[in-house]
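Report on one structure; see the data block that follows.
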Amino acid sequence: NAGVTQTPKFRVLKTGQSMTLLCAQDMNHEYMYWYRQDPGMGLRLIHYSVGEGTTAKGEVPDGYNVSRLKKQNFLLGLESAAPSQTSVYFCASSFSKGEKLFFGSGTQLSVL
Amino acid sequence: AQSVTQLDSHVSVSEGTPVLLRCNYSSSYSPSLFWYVQHPNKGLQLLLKYTSAATLVKGINGFEAEFKKSETSFHLTKPSAHMSDAAEYFCVVRMDSSYKLIFGSGTRLLVRP
């Protein structure tokens, strides 16, 4: 049972490049989330999904897009990366609203 | 509006001494409150959660937290620190009937030998 798996673990981009972060969970969870973590700011919600085929905006959605085509996968896309998007990105999932979140180990993204 | 404040960005204790990590919240509703721990280069892991049952909540690894409505606090404690407790700890409040979790800015716990 792998839990929540994020790929890649590290990535360096140049300004303007695009990339997709993949999150996969094997716990049959309905809810999935993308957070970013910046020093001294805790975690902030980017986008979330309450089920296959659904997505919704969180606190800081600008510059990001997401898709949930399959229940087990939640993709986070950056169409045109900016230095302000340098951060650590965490994916999480939960069985239901308000329940315990299970986190992946994170993706360290640097945008130069 | 809901918010959460972790009063200390860093806490340093000696191994075997008590741990106190402080958290105050602001919520218009009966909140759900959580403590998560993050070890270096790892994702967050749930330590414990409060959801309006007992005010003293016991979590994993000997941690516990007490919900005090009059003080709007949810401080995390442990009687005796272990070296493996060194990590960053996040206090989290969930807006009632919402998916949204509000994370505090974190407290880094250092445990000295």
Side-chain angles (χ1 to χ4, degrees), chain A residues 2-10 21 23-25 27 29-51 54-61 66 68 74 87-108, chain B residues 1-10 21-27 29-53 57 59-60 63 74 76 87-108:
Chain A
V4 179
T5 303
Q6 290 182 235
T7 54
K9 295 190 182 302
F10 303 94
L21 280 65
C23 177
Q25 53 95 3
M27 296 173 283
H29 285 170
E30 290 291 336
Y31 299 76
M32 297 187 75
Y33 315 81
W34 275 107
Y35 288 90
R36 60 177 289 172
Q37 182 180 30
D38 301 293
M41 298 187 71
L43 274 70
R44 292 180 292 169
L45 183 64
I46 305 171
H47 286 281
Y48 64 98
S49 168
V50 302
T54 72
T55 63
K57 294 181 180 180
E59 297 175 77
V60 289
V66 287
R68 183 106 181 260
F74 194 31
S87 187
V88 181
Y89 292 85
F90 285 99
C91 177
S93 70
S94 65
F95 180 71
S96 62
K97 181 180 70 173
E99 289 300 315
K100 173 182 176 180
L101 265 63
F102 291 80
F103 283 84
S105 56
T107 297
Q108 174 74 60
Chain B
Q2 279 76 6
S3 67
V4 59
T5 302
Q6 292 184 244
L7 298 167
D8 306 291
S9 59
H10 294 81
L21 305 183
R22 298 182 294 166
C23 173
N24 285 99
Y25 69 92
S26 169
S27 175
Y29 307 96
S30 296
S32 294
L33 295 158
F34 308 81
W35 276 99
Y36 279 84
V37 60
Q38 184 182 27
H39 291 279
N41 301 313
K42 301 284 188 182
L44 281 71
Q45 179 185 18
L46 180 68
L47 272 180
L48 50 82
K49 73 173 184 179
Y50 166 79
T51 53
S52 75
V57 182
I60 61 172
F63 284 94
F74 190 56
L76 182 70
E88 188 151 21
Y89 293 79
F90 292 93
C91 183
V92 183
V93 61
R94 182 171 73 92
M95 295 170 64
D96 194 43
S97 300
S98 168
Y99 306 104
K100 184 176 179 181
L101 298 178
I102 299 174
F103 285 76
S105 55
T107 298
R108 187 166 296 278

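This structure is a prediction, so every number in the text was calculated from the model and none was measured. Each chain gets a letter, A, B and so on, in the order the sequences are listed, and its residues count up from 1.
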Practice item. Applying ring-ring contact (aromatic ring centres under 6.0 Å, His included), name anything that partners F90(B), two or more places apart in sequence or on another chain. Key: none

Review point. So which part of V50(A) gets closer than 4.5 Å to some heavy atom of chain B, the side chain, the backbone, both or neither?
Key: side chain

Check your understanding: Just how far is it from atom CG of L101(B) to atom OG of S94(A), taken to the nearest 0.5 Å?
Key -> 8.5 Å

**Study point:** Which portion of Q38(B) sits near chain A, non-hydrogen atoms under 4.5 angstrom
**Key:** side chain

Practice item. Please name the pair of heavy atoms, one in G40(A) and one in S105(B), separated by the smallest distance, quoted to 0.1 Å. Key: O-CB, 3.3 Å

Study note, to complete from the structure: Note: vs chain B, highest number of non-hydrogen pairs under 4.5 angstrom among K9(A), Q37(A), Q6(A) is Q37(A)

Point to revise | By salt bridge (charged side-chain N to carboxylate O under 4.0 Å, His left out) - contacts of E59(A) (at least two apart) | key: none

Review point. Side chains of L43(A) and L44(B): does their closest heavy-atom pair fall under 4.5 Å?
Key: yes

Exercise for review: Look up atom CZ in F103(B) and atom OH in Y35(A), then write down how far apart they are to the nearest 0.5 Å.
Suggested key: 4.5 Å

**Study point:** Contacting region of Q108(A) [heavy-atom separation from chain B under 4.5 Å]
**Key:** neither

